[in-house]
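Comments concern the structure below.
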Amino acid sequence: SIYSDISIRIIFFSSSNKEAASAFASSVLPTPVGPKNKNEPIGLFGSFNPIHNGHIQIARSVLERAICNEVWFVVSPQNPFKAGVDMLPEKVRYSLVEKVVESEVGLKACNVELDMPKPSYTIDTLNVLEKLYPQHTFSILMGGDNIAKFDKWKSHEELAARFQLIAYPRPGAEIPSFIPEKTIIIN
């Protein structure tokens, strides 16, 4: 089936892809920056349609550089910017994320959005996460493609005021100059 083909492709990293992804991550992620407390998890929100080596390498690099001690992969069932895009079922995407991160220290799959109203809005998810995990302070890790349209996100000003934003360049997506003031750019 399509799902077993995808899970095999994701779980078994080829050495050439892993090296290329690691080289890319090393080139975009320098010395430690980020949350003031290393124990603060960083949420990596996404459709993960499907999760791929780039997601894992960025998360590993954030951990290796002691930016935080956990990266949570928050699977978004319906990104408002991807309405009408052909997606794998949300539970399949979450299951793939779980399988990929289960043996990765510091990486966690998070299914909080699966039971929330759709489309998924980051501000609503972070409000729920803060209630469920009051001992944590969350930050948002996102690619350059998302920071470029951050001003279109629901409650973007509140997100920028309440949460640390950390952006990394992605191939084909330049980080614009009009990003929120306190955003940390990892390059």
Side-chain angles (χ1 to χ4, degrees), residues 3-4 6-77 79 87-116 120 122 125-126 128-130 132-147 163-171 184 186-187:
Y3 305 128
S4 61
I6 289 172
S7 62
I8 289 169
R9 200 173 14 168
I10 293 167
I11 293 169
F12 298 105
F13 299 100
S14 76
S15 61
S16 62
N17 286 345
K18 187 175 182 181
E19 289 167 7
S22 181
F24 170 74
S26 295
S27 71
V28 299
L29 294 172
T31 56
V33 293
K36 293 178 180 95
N37 179 351
K38 182 182 164 186
N39 295 321
E40 297 174 10
I42 291 179
L44 179 59
F45 294 78
S47 301
F48 304 111
N49 189 42
I51 188 169
H52 55 72
N53 292 345
H55 295 128
I56 299 301
Q57 289 301 319
I58 293 292
R60 282 181 185 156
S61 293
V62 166
L63 295 173
E64 288 167 6
R65 285 162 176 78
I67 295 170
C68 67
N69 69 343
E70 292 182 342
V71 175
W72 294 11
F73 287 77
V74 182
V75 178
S76 301
N79 178 326
M87 307 267 281
L88 292 169
E90 62 197 55
K91 289 183 180 177
V92 171
R93 289 183 282 125
Y94 177 74
S95 177
L96 292 172
V97 169
E98 263 188 326
K99 283 180 173 59
V100 170
V101 304
E102 71 186 355
S103 63
E104 297 278 345
V105 175
L107 305 186
K108 299 183 183 286
C110 179
N111 65 358
V112 68
E113 286 193 6
L114 301 186
D115 294 323
M116 293 177 61
S120 305
T122 302
T125 303
L126 285 165
V128 169
L129 286 172
E130 285 183 322
L132 292 172
Y133 305 98
Q135 72 276 21
H136 292 309
T137 301
F138 292 91
S139 296
I140 305 168
L141 176 62
M142 69 179 84
D145 55 332
N146 282 304
I147 199 73
F163 302 97
Q164 178 65 65
L165 305 178
I166 303 168
Y168 59 90
R170 292 182 75 175
I184 295 172
I186 302 174
N187 56 16

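A quick note: this is a predicted structure, and the numbers were derived from the prediction, not measured.
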Kindly give the heavy-atom pair with the smallest separation between [X] and [Y], and that separation in Å.
| X | Y | result |
| --- | --- | --- |
| Pro50 | His55 | O-CE1, 4.0 Å |
| Leu63 | Glu70 | CD2-N, 3.6 Å |
| Glu90 | Pro77 | OE1-CB, 3.2 Å |
| Gly143 | Arg170 | CA-CD, 3.6 Å |

*asked:* Once you measure the plane-to-plane angle for His136 and Phe138, does it fall in the parallel (<30°), tilted (30-60°) or perpendicular (>60°) bin?
replied: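 Taking Phe138 first and then His136, their aromatic rings stand perpendicular (interplane angle over 60°).
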*asked:* Could you measure the distance from the CG atom of Asn111 to the CE atom of Met116? Nearest 0.5 Å is fine.
replied: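 Between Asn111 CG and Met116 CE, I get 11.5 Å after rounding to 0.5 Å.
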_Donor-acceptor contact below 3.5 Å, side chain Ser95 vs main chain Lys91_ =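 The answer is no, because no donor-acceptor pair under 3.5 Å joins these two groups.
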*Answer yes or no: is there a donor N or O on one side and an acceptor on the other, between the side chain of Asn49 and the main chain of Arg93, under 3.5 Å?*
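Pair absent, no side-chain N/O of Asn49 close to backbone of Arg93.
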Can you tell if the side chain of [X] reaches within under 4.5 Å of the side chain of [Y], non-hydrogen atoms only?
| X | Y | result |
| --- | --- | --- |
| Leu129 | Trp72 | yes |
| Val62 | Ile166 | no |
| Val75 | Leu96 | no |
| Phe163 | Glu130 | yes |

*Name all residues meeting the ring pair (Phe, Tyr, Trp, His ring centres under 6.0 Å) criterion together with Phe73; count only those two or more places apart in sequence or in a different chain, and write none if there are none.*
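By the ring pair (Phe, Tyr, Trp, His ring centres under 6.0 Å) rule, Phe73 matches Phe48.
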